[in-house]
Number of protein chains: 2
Amino acid sequence: MTPDHVFTALASPARRELLRLLRDEGAQPAGRLAERFDMSRPSVSEHLRVLRDAGLVSETRKGRERHYRLEAAPLMEIRDWLGPYERFWRERLATLTAVLDEMEDDDAR
Amino acid sequence: MTPDHVFTALASPARRELLRLLRDEGAQPAGRLAERFDMSRPSVSEHLRVLRDAGLVSETRKGRERHYRLEAAPLMEIRDWLGPYERFWRERLATLTAVLDEMEDDDAR
DNA sequence: TTGATATGTAGGAAAAATCCTACATATAGT
DNA sequence: ACTATATGTAGGATTTTTCCTACATATCAA
């Protein structure tokens, strides 16, 4: 029930950058993605595997290339997970607003 | 600018459970939190430290106890991070809807 | 078929995370 | 002052993650 693998996959900056690239530039072959990193191609390949295991990317073979595509569905789980916490930062925001109001009162005084 | 520490902190099931407890039951002393885990108290203490470093909990000393409180603000960063991906699962949902519509058409036929 | 290209996998070194058992520290109560 | 309680920190064993260099596999092009 807990989106374990998704959170783990997102914990790596390299993997988040991969997701961003696929989001902003569309599906791409593994090699083209790897070029953008200061890391060996096999390491990027491994990161792609982790993302695939988490369901965050899908792989389709195009000739000798493998195109990776962003699969955003698992991110909905993260969003759902965040849901019950929203109340808390709303409260925080309310507190902040109250403080700011008080400061304005001080200014006016 | 990237919420690195926050994602890392959320990668652990134990730490997510700590956040949930603080969310559902309010601020609590470290020991009371530790009782809920199959893990040694010092290990829970360490997890609380990671959460504190990520800004996800705050600590206030009450006598010889230390009360931990949920600080949900960093979770806003996660929510913001998700923003640009929303478009994608909307598309996914649209595709799913289209498929379901087609299935309905098949039924009617 | 032969050689070049695109990519995954194996194996292992190094770094980081996890979790434990002492131990240190600080406060409360007697 | 003395003892018990609440909790953090140190040090270390174990596991996991990360990243590398070969190497294997598959496809394309001539």
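Because only heavy atoms are used, hydrogens play no part in the values below, and waters and symmetry mates are left out as well, while side chains stay in. Just so we're on the same page: letters track the sequence lines, and every chain starts at 1.
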Reckon S43(A) has a side-chain N or O less than 4.0 Å from the OP1 or OP2 of dC20(D)?
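Yes, S43(A) has a side-chain N/O under 4.0 Å of OP1/OP2 on dC20(D).
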Can you see if the side chain of H47(A) gets near the phosphate of dT17(D) - specifically, an N or O under 4.0 Å from OP1 or OP2?
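Checking dT17(D) against H47(A), no side-chain N or O comes under 4.0 Å of OP1 or OP2.
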For [X] and [N], give me the distance from atom [atom1] to atom [atom2], rounded to whole Å.
X      : N       : atom1 : atom2 : result
L33(A) : dA6(C)  : CG    : P     : 14 Å
F37(B) : dT18(C) : CZ    : P     : 13 Å
R61(A) : dC28(D) : CZ    : C1'   : 16 Å
E35(A) : dT5(C)  : CD    : P     : 13 Å
E59(A) : dG8(C)  : CD    : C1'   : 9 Å
F7(B)  : dA16(C) : CZ    : P     : 21 Å
E46(A) : dA14(C) : CD    : P     : 19 Å
L51(A) : dG8(C)  : CG    : C1'   : 16 Å

Are I78(A) and L70(B) co-members of a hydrophobic cluster defined by side-chain heavy atoms under 4.5 Å apart?
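Same hydrophobic cluster.
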Interatomic distance, CZ@R16(A) vs CG@L10(A), rounded to 0.5 Å, equals 7.5 Å
How many angstroms lie between CD in E17(B) and OG in S12(B), if you round to the nearest 0.5 Å?
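That separation rounds to 10.5 Å.
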State which residue, out of R32(A), R36(A), R20(A), fulfils the side-chain hydrogen bond (donor to acceptor under 3.5 Å, both in side chains) condition with E25(A).
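Only one of R32(A), R36(A), R20(A) forms a side-chain hydrogen bond (donor to acceptor under 3.5 Å, both in side chains) with E25(A), namely R36(A).
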Between R49(A) and E46(A), is there a side-chain N and carboxylate O pair less than 4.0 Å apart?
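Yes.
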Polar atom pairs between nucleotides 5-7 of chain D and protein, under 3.5 Å, N or O only, would you list them?
from   : atom 1 : to     : atom 2 : distance (Å)
dT5(D) : O4'    : R64(B) : NH1    : 3.3
dT5(D) : O2     : R64(B) : NH1    : 3.4
dT7(D) : OP1    : A30(B) : N      : 3.2
dT7(D) : OP1    : R66(B) : N      : 3.3
dT7(D) : OP2    : G31(B) : N      : 2.6

Could you tell me if R52(A) sits above the aromatic ring of Y68(A), with its cationic atom closer than 6.0 Å to the ring centre and no more than 45 degrees from the axis?
no
Please classify the nucleic acid contact of R52(B) as base, sugar-phosphate, or nothing, using heavy-atom distances under 4.0 Å.
nothing
Could you pick out which residue, P42(A) or V50(A), lies toward the 5' side of DNA chain D when each is mapped onto its nearest nucleotide?
V50(A)
Dump the intermediate steps for side-chain contact (heavy atoms from CB on, under 4.5 Å) on L75(B) and F88(A), then the final yes or no.
CA-CA 10 Å; L75(B) 295 178; F88(A) 281 79; over 6 Å; no
Of the listed nucleotides dT9(C), dT9(D), dC20(D), the one nearest the side chain of R49(B)
dT9(D)
